[in-house]
Amino acid sequence: DTAVSQTPKYLVTQMGNDKSIKCEQNLGHDTMYWYKQDSKKFLKIMFSYNNKELIINETVPNRFSPKSPDKAHLNLHINSLELGDSAVYFCASARLASHEQFFGPGTRLTVL
Amino acid sequence: AQRVTQPEKLLSVFKGAPVELKCNYSYSGSPELFWYVQYSRQRLQLLLRHISRESIKGFTADLNKGETSFHLKKPFAQEEDSAMYYCALMTTDSWGKLQFGAGTQVVVTP
């Protein structure tokens, strides 16, 4: 029933590890996004995909690689995790024309 | 470059008092502006957008292009309004990219 879902909800890992966060939406939207919310609650866009094509790629380290296997999924893979990657990562989706974005519950990543 | 400024990090008000959250933006074109809200332990959700000009949960926001502002107001705050509020800007060429302000934490005390 959930519109935008993310797994896992919490992720605790060591520096240097590689991890993935998954996002799925069942709203039939064409566009999906990844946002990062830092410890000061500041939200910043990272990536966006429209119909499986990358359309927004902000200044994000190459260690972050989004992958969209189909329109309903947008995963985020992070290599060589660093302490500064600790944050809450939000996935969102939208029907491009409507502009309202629907957010997932977030994944809290803690890098030790 | 586009920018969204929310000058208040924290706003503490009493129940029943008016509340106003300030938002200023910088963008030379025609912006689309939104207010998103994040209640405790809940996901971020759209509160209102300037295009629809509607009132949601008693909140209103008017786009003032002269002052480049989109302040959020409610005449009588309720305890359930306690949340984090984000002002966001979408530009016409941004493919739906939302640029968020830093957010304002609202605490309504009884």
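Computation of the quantities below employed the complete heavy-atom set of this structure, encompassing side-chain atoms and omitting hydrogens, waters and symmetry-equivalent molecules. In the text below, chain A, chain B and the rest are named by the order of the sequence lines, each starting its count at 1.
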Between Tyr49(A) and Pro66(A) (side chain of the first, backbone of the second, donor and acceptor by atom type, cut-off under 3.5 Å), is there such a pair?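 At least one qualifying donor-acceptor pair exists.
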
Exam field: side chain Thr110(A) to backbone Val12(A), donor-acceptor pair closer than 3.5 Å: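 Answer holds: no.
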
Who in residues 67-87 of chain B is close to chain A, using a strict under-4.5 Å heavy-atom cut-off?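 Expected list: Met84(B), Tyr86(B).
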
Donor-acceptor pair between Ser20(A) and His77(A) side chains, under 3.5 angstrom: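 Result is yes, a qualifying pair exists.
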
Between Gln2(B) and Thr91(B), is there a side-chain donor-acceptor contact under 3.5 Å, judged purely by atom types and distance?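 No, no side-chain donor-acceptor pair sits under 3.5 Å.
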
Just one of Asn79(A), Asp85(A), Asp18(A) clears the side-chain hydrogen bond (donor to acceptor under 3.5 Å, both in side chains) bar with Arg63(A), so which one?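 So the option named by the test is Asp85(A).
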
Structural part of Gln105(B) lying under 4.5 Å from a heavy atom of chain A: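 Interface part for Gln105(B): neither.
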
Take Tyr35(A) and Gln101(A) through the test side-chain hydrogen bond (donor to acceptor under 3.5 Å, both in side chains) and record every step on the way to the result. CA-CA 12 Å; Tyr35(A) 290 87; Gln101(A) 295 185 16; 2.7 Å; yes

Between the side chains of Lys52(A) and Asp70(A), is the shortest nitrogen-to-carboxylate-oxygen separation below 4.0 Å, so that they form an ion pair?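 Here Asp70(A) does not pair with Lys52(A) in a salt bridge, since their nearest N and O are not under 4.0 Å apart.
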
Heavy-atom pair count under 4.5 Å with chain B, highest-scoring of Lys40(A), Lys44(A), Gln37(A):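 Option with the greatest count: Gln37(A).
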
Sort Ile56(A) into side chain, backbone, both or neither according to what part of it lies under 4.5 angstrom from a heavy atom of chain B.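 Contact with chain B: side chain only.
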
